[in-house]
2 protein chains.
Amino acid sequence: MRALVLDPDRTARHGPQVLADHPEPRRSAGEALVRMRVAGVCDTDLQLARGYMSYAGVLGHEFVGEVLEADDSAWVGCRVVADINAGCGKCRDCTERDGHHCQERSVLGILKRDGAFAERLVVPQRNLVRVPDGVPDDAAVFAEPLAAALHVLDEAIAGRSAVVIGDGKLGQLILRALHGSGVRVTLVGHHQDKLDLARAIGAEAFLEAELPKDLRVPLVVEASGSKTGLERAFSLLEPRGTVVLKTTVADRIELDFATVVINELRIVGSRCGDMQRAIEMLDSDRLDPTPLIQARYDLLNADEALRRAGRPGTLKVLVDNPS
Amino acid sequence: MRALVLDPDRTARHGPQVLADHPEPRRSAGEALVRMRVAGVCDTDLQLARGYMSYAGVLGHEFVGEVLEADDSAWVGCRVVADINAGCGKCRDCTERDGHHCQERSVLGILKRDGAFAERLVVPQRNLVRVPDGVPDDAAVFAEPLAAALHVLDEAIAGRSAVVIGDGKLGQLILRALHGSGVRVTLVGHHQDKLDLARAIGAEAFLEAELPKDLRVPLVVEASGSKTGLERAFSLLEPRGTVVLKTTVADRIELDFATVVINELRIVGSRCGDMQRAIEMLDSDRLDPTPLIQARYDLLNADEALRRAGRPGTLKVLVDNPS
């Protein structure tokens, strides 16, 4: 089958390559075989292509598909999204929580598990989340990053205010997740056209240089991935405020921790979220992610999709599987 | 009156100096005039003496004293400790919370308010906390740092486990605060004699190099003030664990924030705590801070007390006011 494959030996010279003859995935007991319908490109895909986590295999972890085979035949034919973390199912993290931190986990298209830029893929059946008929593929494909965005809400004080730093696709989605949940939210970015996307849903948006000097909020979400974003976040926080880190900046960052202690700030890392909650929000009309789609490519040209996504300022790029 | 005074012009040459003729403090409405009985030296005093916060005035913020004058005469003659943060009393932080983050605050011996290394001092009457007869001066003088130590408990999961990094006076006090509250706590340090102090109360204690390789806990308290303490803390945390920062390392620290995001860690700055809670704990027999006292000086030699406290490895140094 066709798949966009990262092979560390070849990638250094050519980047990830679309192979026509990648082996079909093999479904084990407890897993579902899924036909990919639409997949989304995430910045993590670009980082993996540059060697992050030394990943080798099929890329892609944002997708909507339909179930071809599963232990429970009730799933067959269903349109689904899936939690990307595949835990062992036995440890305390798996049994008491969501398994997102299972030591034995594989992660779709990121760690020890082939991903979604392929005609077909396998995921644990227990990870599947059904997509309601009212949610089109182009919205459902945002379920994974939206779940991560909604995870921020666990830190938000309902009805209070927040700032999102970064006007890229992650920042835009977090802005929508907070806005759709009733939090008064302000976007800070560098691109007037992207700030306009935020204003279109009724949020406030500012170029960094034009931010009101006295703006202080209890929650700042750092989604810019820049080295200066975190220090900027500190300057916007009320005492005892929280900054949520959503981006894995691979580099090390130097910070003044005296500010953290004196103002009793909180820094919270936040990764994946609850897919069910994301699908429910997409089904609720409180959030429409489709204005963030900027380009789409056939799976045959998935390598091109990655290059397009890598251009500065690009929002969401999708990959279709027409077969 | 006698007082240990930091004068930025003179201090550069001589260090803080004991003056015999420092002006008497003047009590305003709402304040209490207090005779200092015993005061403690904190590392913050040493940092202030080196220019931190550009403070000028009488040093010292850990004390137990007796009230000489107050608006409410019921306080006169009482033995007291006091919250060191003097807020405006009107802002939201003062009216809804504890005023520890009031923008207009002064802080005893640290910011815009003369401190406790003096024969007499003034503090807001509302900051006073009565010391029960069963708590001797040498225990009550620990109320302020113990309140800060107990503040860590707000992050602790009762009955769970924690690691305290740093075997100095702050780490020792936090260890006792957690231990006395039923948390299973392990101390990590560099000095065998100080680890023995921890073992004497029934806690586990290890030299950093001898720490069990697989030790992972949900809460780590960084109280070493070293640049490497925070990275060490990360390595001891379970996923979704919390590290509480208790020391204001004036330097900047460089960190790998990818770990924070992937493991969804929390970093929480923690400063002052609730003095009433500290006094109650001192009165409860669950905690005895007096084994941490290593030396004591007459107020006349308070400059010497600071030099003694500055020697590496020194635990608590007290200053007595015999007058």
Side-chain angles (χ1 to χ4, degrees), chain A residues 44 47 52-53 85 91-93 97-103 105 107 110-111 148 151 154-155 214 216 222-223 225 227 229-231 234 237-273, chain B residues 44 47 52-53 85 91-93 97-103 105 107 110-111 148 151 154-155 214 216 222-223 225 227 229-231 234 237-273:
Chain A
T44 302
Q47 288 171 13
Y52 175 60
M53 311 241 333
N85 299 276
C91 70
R92 196 170 59 117
D93 194 68
R97 301 196 285 196
D98 51 23
H100 287 180
H101 294 282
C102 169
Q103 295 282 320
R105 74 183 180 277
V107 185
I110 294 176
L111 181 71
H151 197 31
D154 299 336
E155 305 299 333
D214 57 350
R216 294 291 179 282
E222 159 38 35
K227 281 195 155 201
L230 196 48
E231 208 124 26
F234 287 173
L237 277 181
E238 291 176 357
R240 293 192 173 116
T242 298
V243 52
V244 177
L245 295 182
K246 287 303 291 187
T247 52
T248 49
V249 177
D251 290 313
R252 296 166 66 84
I253 304 178
E254 196 189 77
L255 275 185
D256 172 15
F257 279 95
T259 307
V260 176
V261 175
I262 292 170
N263 289 337
E264 301 195 310
L265 305 181
R266 293 170 171 266
I267 306 169
V268 180
S270 175
R271 211 185 62 197
C272 298
Chain B
T44 302
Q47 289 170 13
Y52 176 60
M53 310 236 342
N85 298 277
C91 70
R92 197 169 59 114
D93 195 69
R97 301 196 285 196
D98 50 23
H100 288 181
H101 293 281
C102 169
Q103 295 282 319
R105 73 184 181 274
V107 185
I110 295 177
L111 180 71
H151 196 31
D154 298 335
E155 304 299 332
D214 58 350
R216 294 290 179 283
E222 159 37 36
K227 281 197 156 200
L230 196 47
E231 207 124 26
F234 287 173
L237 276 181
E238 291 177 358
R240 293 193 173 114
T242 298
V243 51
V244 177
L245 295 183
K246 287 304 290 188
T247 52
T248 50
V249 177
D251 289 314
R252 295 167 66 86
I253 305 179
E254 195 188 77
L255 275 185
D256 173 14
F257 278 96
T259 307
V260 176
V261 175
I262 292 171
N263 290 337
E264 302 196 310
L265 305 180
R266 291 169 174 267
I267 306 168
V268 180
S270 175
R271 211 185 61 201
C272 297

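Just so it is clear: chains get the letters A, B, ... in the order the sequence lines come, proteins before strands, and each one is counted from 1.
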Of all the heavy-atom pairs spanning [X] and [Y], show the shortest one and how long it is.
X: A:I262; Y: B:H101; answer: O-CE1, 3.1 Å
X: A:R240; Y: B:D98; answer: NH2-OD2, 3.0 Å
X: B:P239; Y: A:R97; answer: O-NH2, 4.0 Å

Side-chain donor or acceptor of A:R266 paired with backbone N/O of B:V268 under 3.5 Å: no
CD1 on B:I267 to CZ on A:F257, rounded to 0.5 Å: 5.0 Å
Atom pair CZ (B:R271) and CG (A:N263), whose distance is rounded to the nearest 0.5 Å: 7.5 Å
pair B:K246-A:V261: side-chain heavy atoms closer than 4.5 Å: no
Any donor-acceptor N or O pair under 3.5 Å, side chains B:E264, A:H151: yes
Pairs of heavy atoms under 4.5 Å with chain A: top-ranked of B:C272, B:G269, B:S270: B:G269
Segment of B:L265 engaging chain A (4.5 angstrom heavy-atom cut-off): backbone
